[in-house]
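Have a look at the structure below, then the notes.
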Amino acid sequence: MPVEEFVAGWISGALGLVLGYPFDTVKGQREPSLPASSVLPTQVRLQTQTTYRGIVDCMVKTYRHESLLGFFKGMSFPIASIAVVNSVLFGIYSNTLLALTATSHQERRAQPPSYAHIFMAGCTGGFLQAYFLAPFDLIKVRLQNQTEPRAKPGSPPPRYRGPVHCAASIFQEEGPRGLFRGAWALTLRDTPTMGIYFITYECLCHQSTPEGQNPSSATVLVAGGFAGITSWVTATPLDVIKSRMQMAGLNQRAHRGVLDCIVSSARQEGLGVFFRGLTINSARAFPVNAVTFLSYEYLLHLWQ
Ligand SMILES: C[N+](C)(C)CCCC[C@H](N)C(=O)O
C-alpha cells in the first residue's frame with residue numbers, strides 16, 4: 001500500500017487547516033442558556049447558539065472580547081488531529097482507487113477512473129476518516145464553545161482548560177463512549193459528501209486538462225476550492241446536527257438520536273436552522289481545499 005498519499009494527505013491537511021481556522025471559528029450560535037455577558041467567538045457557535053446577528057456580528061464580538069487569538073482558539077489540537085484525519089482520507093481514497101482500478105495516482109492521469117469508482121473511493125475514505133475524526137472534532141467543538149474571554153481577572157474559569165483536559169473530562173464524566181458523541185451524525189455527514197468532494201475535484205480537473213497531462217496549479221486550486229464548497233454545501237445540514245449532538249448534555253438538551261435532533265431543531269427554529277454556517281462554511285472551504293489539493297498534488301509530483 002503506497003504510503004506517500006498518507007504523508008501528502010497529512011501535510012496538506014495541516015496547511016489547509018491553518019488557513020481556514022479563523023473561518024472555522026465563526027460558525028456557532030449561543031444557546032439561550034449560556035450567560036448573556038459572555039462573548040462567543042467560535043465557528044460552531046452560529047450553529048449551536050442563538051445570540052449573534054450573523055457572521056460580522058460574531059467576528060466583531062470575537063475580536064473585541066478575545067482579540068485575534070479568539071479566532072484560533074483550540075487550533076493547536078486540530079492541527080495534529082485534522083492532519084492525521086486528512087492523511088487517512090487521502091490515503092484510503094487513493095488506495096481504494098488503486099484496488100478498484102489497478103492504477104496508481106500518476107497512472108490515473110492517462111487512465112482516468114470512472115466517476116462511480118471515484119465516488120465509491122471517496123465515500124470509503126469519508127466513512128473511515130470519520131471514525132478517527134469523531135473524538136478530535138468533539139473536543140474542538142467543545143473548546144470552541146467555551147464562552148469565557150481569555151483569562152481575565154474575575155472572569156469565570158472555562159469549563160475545559162485545554163484539549164487534553166477536555167478529553168479527560170469527557171472521558172471521566174461521559175465515559176469512553178462520550179468521546180464519540182455525535183460520531184454517527186459525523187459519519188452520515190462525511191460519507192456521501194466526501195464522495196461528492198472527490199468527484200467534483202476529479203471532474204473539474206479532467207474537464208480543464210488536456211488528455212493524459214497533469215492539471216496545472218491554477219486548475220488544481222480552482223478544482224480543489226470548488227470541491228470544498230460543493231461538499232460543504234451538501235454537508236451543512238448534518239454539520240449543524242452533528243455540532244448539536246456534540247454539545248448535547250452540556251448546555252443543550254440531550255437528544256435521543258440524530259432524527260430526534262433533526263425534528264426538534266426544525267420544530268423549534270424552522271428549516272433555516274439546517275443552513276446555519278453555510279456562508280462561512282463556503283467562504284472557508286474554497287481557500288482551505290484549494291491549498292489542500294495543491295499541496296497534495298505538489299508533494300506527490302515531487303515524490304514521483
Ligand atoms: C465532507 N466535509 C464537507 C465535511 C468536509 C470536506 C472537506 C474537508 C476539508 N479538510 C475541510 O476542512 O474543508
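All ligand and atom numbering here is 1-based and tracks the order in the structure. Counting begins at 1 with the first residue of the sequence. It should be emphasised that the depicted structure is a prediction, and the values quoted were computed from it without experimental measurement.
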Legend entry - Aromatic ring pairing F293/Y201, orientation class (parallel under 30°, perpendicular over 60°, tilted between):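 Parallel, since the angle between the ring planes stays under 30°.
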Inset, instruction - Using ring-ring contact (aromatic ring centres under 6.0 Å, His included) as the criterion, list what pairs up with F226, not counting sequence neighbours. - result: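 Partners of F226 by the ring-ring contact (aromatic ring centres under 6.0 Å, His included) criterion, ordered by chain and then number, come out as F286.
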Legend entry - Reference residue Y197; test side chain to side chain donor-acceptor pair (under 3.5 Å); the match among N289, T230, T234: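 When side chain to side chain donor-acceptor pair (under 3.5 Å) is applied between Y197 and each of N289, T230, T234, only N289 qualifies.
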Inset, instruction - Tell me, please, which residues at least two apart from I82 pass side chain to side chain contact (heavy atoms under 4.5 Å, CB included). - result: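 Side chain to side chain contact (heavy atoms under 4.5 Å, CB included) list for I82, sorted by chain: L17, P78, L133.
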Legend entry - Short N-O contact, E297 and R108, less than 4.0 angstrom: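 R108 and E297: not salt-bridged.
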Legend entry - Sequence neighbours excluded, every pair satisfying side chain to side chain donor-acceptor pair (under 3.5 Å) that has a member inside residues 202-214: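 Non-adjacent pairs meeting side chain to side chain donor-acceptor pair (under 3.5 Å): Y93-E202.
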Enumerate, one pair per line, all nitrogen or oxygen atoms of ligand 1 lying under 3.5 Å from a protein nitrogen or oxygen, stating the separation to 0.1 Å; write 'none' if no such pair exists.
residue	atom	partner	partner atom	Å
ligand 1	12 (O)	R284	NH1	3.4
ligand 1	12 (O)	R284	NH2	2.7
ligand 1	13 (O)	W232	NE1	2.8
ligand 1	13 (O)	R284	NH1	3.0
ligand 1	13 (O)	N289	ND2	3.0

